[in-house]
Amino acid sequence: MSQATAPNTATIEEVQTGPVPRHVAVIMDGNGRWAGERDLPRWEGHRAGMSSVREIIEGAAEAGLEHLTLYAFSEENWSRPADEVEALMALLEEYVATERAELAEKGIRVTVFGSLERLGEGAIRAIAELEGATAEGTSLHVHLAISYGARGEIVAACRSLARRVAAGELDPEEITADQFAHALYTSAWPDPDLLIRTSGEMRISNFLLWQLAYSEIFVTDVLWPDFSRAHLFGALIDYRGRDRRFGLVRSP
Ligand code: FPP
């Protein structure tokens with residue numbers, strides 16, 4: 001694991017000199033601290049964080065990533081004060097209303113995963129509009145994790161396999177890691193090559209616990225609202241220097 005204590009930036013020209021990861025996942029952290037440093041209410045930090053979402057999606061498309069997964073709202077976030085939860089849901093609806101057409105125009109596809117049954121009508125409608133409007137996109141595929149928790153996802157996958165065993169459709173001895181992965185929300189995409197976490201916290205926070213098994217991790221002190229595409233490009237350049245061995249030894 002590496003921690004970039006100093007802001008680590010790069011240009012698109014530097015990124016274009018070599019390969020980029022196929023899939024980058026991001027824990028967007030630090031909105032509350034960003035607001036606190038400015039004596040602003042926490043929702044102002046989330047609003048500023050929404051601009052970084054736009055910036056990073058554009059940067060990811062520019063860099064040629066295939067998949068970008070953003071942790072927008074965790075299952076644990078439901079326990080935050082009601083006004084903050086309401087503000088985050090309102091921002092989601094605002095985001096869809098303002099960004100939908102442009103995302104579609106740029107060929108960016110957005111899909112959402114998580115325990116979506118917990119969302120209110122407005123948020124569910126906004127997600128359906130966003131997924132519908134961008135369904136034909138073939139450039140970057142953005143995955144928004146909303147009301148998501150990895151432990152819940154893993155338990156749900158166990159339940160679905162157990163149901164098939166109980167129905168006599170599946171022999172427990174035939175359950176493989178690949179088959180298990182197919183029971184997760186993320187079955188259709190490659191695992192993240194790189195996880196970025198902003199705001200300096202060295203935690204996974206119940207995010208993609210199965211899928212991050214061999215991902216490289218990049219933690220930066222930059223707070224999410226200050227995280228620009230130059231910071232994303234810096235992380236992509238840092239990733240290029242990693243020696244990914246997937247538990248094997250390096251070939252001589
Ligand atoms: C963590 O910061 C961030 C969140 C819980 C929400 C992330 C939301 C956004 C980036 C904006 C909305 C996004 C979309 C896609 C519309 P924190 O509040 O935990 O910050 P702190 O640790 O400094 O308190």
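Just so you know, ligand 1 is whichever comes first in the structure, and atom 1 is the first atom listed for that ligand. Only heavy atoms go into these numbers, but all of them, side chains included; no hydrogens, no water, no symmetry mates. Everything quoted here is computed from the prediction, not taken from an experiment.
Ligand 1 lies nowhere less than 4.0 angstrom from a heavy atom belonging to Arg47. The shortest heavy-atom distance from Ser199 to ligand 1 is not under 4.0 Å. Under the 4.0 angstrom criterion for non-hydrogen atoms, Phe73 is not in contact with ligand 1.
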Just distance, no hydrogens or angles: give the donor-acceptor pairs under 3.5 Å from side chains in residues 107-126, sequence neighbours left out.
| from | atom 1 | to | atom 2 | distance (Å) |
| --- | --- | --- | --- | --- |
| Thr111 | OG1 | His141 | NE2 | 2.8 |
| Thr111 | OG1 | His143 | ND1 | 3.4 |
| Ser115 | OG | Glu75 | OE2 | 3.1 |

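At least one N/O-N/O distance between Arg80 and ligand 1 falls below 3.5 Å. Considering backbone and side-chain N/O atoms, Leu91 never comes within less than 3.5 Å of an N/O atom of ligand 1. Residue Asn31 has at least one N or O atom closer than 3.5 Å to an N or O atom of ligand 1.
Within the set Arg33, His46, Arg42, Glu84, the minimum heavy-atom distance to atom 11 (C) of ligand 1 is found for His46. When Asn77, Val53, Ile57 are ranked by how near their heavy atoms come to atom 5 (C) of ligand 1, first place goes to Asn77.
Between Val85 and Phe73, the closest side-chain pair of non-hydrogen atoms falls below 4.5 Å. By the 4.5 Å heavy-atom criterion applied to side chains, Tyr148 and Leu208 are counted as neighbours.
The protein heavy-atom contact nearest to atom 1 (C) of ligand 1 is Met28 O, 3.2 Å.
Criterion: ILVMFWY side-chain heavy atoms under 4.5 Å apart, direct or through other members. Under it, Leu91 and Trp43 are not part of a common hydrophobic cluster.
For Arg38 and Trp34, the positive end sits near the middle of the six-membered ring, less than 6.0 Å away and at most 45° from its axis.
Near Tyr95, meaning under 4.0 Å from any of its heavy atoms, are these atoms of ligand 1: 16 (C). Near Ala72, with a cut-off below 4.0 Å to any heavy atom, the atoms of ligand 1 are 6 (C), 7 (C), 8 (C). Counting atoms of ligand 1 from 1 in the listed order, those under 4.0 Å from a heavy atom of Gly32 are 17 (P), 18 (O), 20 (O), 21 (P), 23 (O), 24 (O). Taking every non-hydrogen atom of Trp224 and a distance limit under 4.0 Å, the qualifying atoms of ligand 1 come out as 10 (C).
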Audit row: Arg100, Glu105, salt bridge (charged side-chain N to carboxylate O under 4.0 Å, His left out) steps and yes/no: CA-CA 9 Å; Arg100 191 179 56 199; Glu105 200 179 300; over 6 Å; no
Full working for side-chain contact (heavy atoms from CB on, under 4.5 Å) between Asp29 and Leu223: CA-CA 6 Å; Asp29 195 14; Leu223 303 178; over 6 Å; no
Full working for side-chain contact (heavy atoms from CB on, under 4.5 Å) between Ile57 and Glu99: CA-CA 11 Å; Ile57 290 177; Glu99 302 291 316; over 6 Å; no
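Between His67 and His23, the ring planes are tilted. Angles from 30° to 60° get that label.
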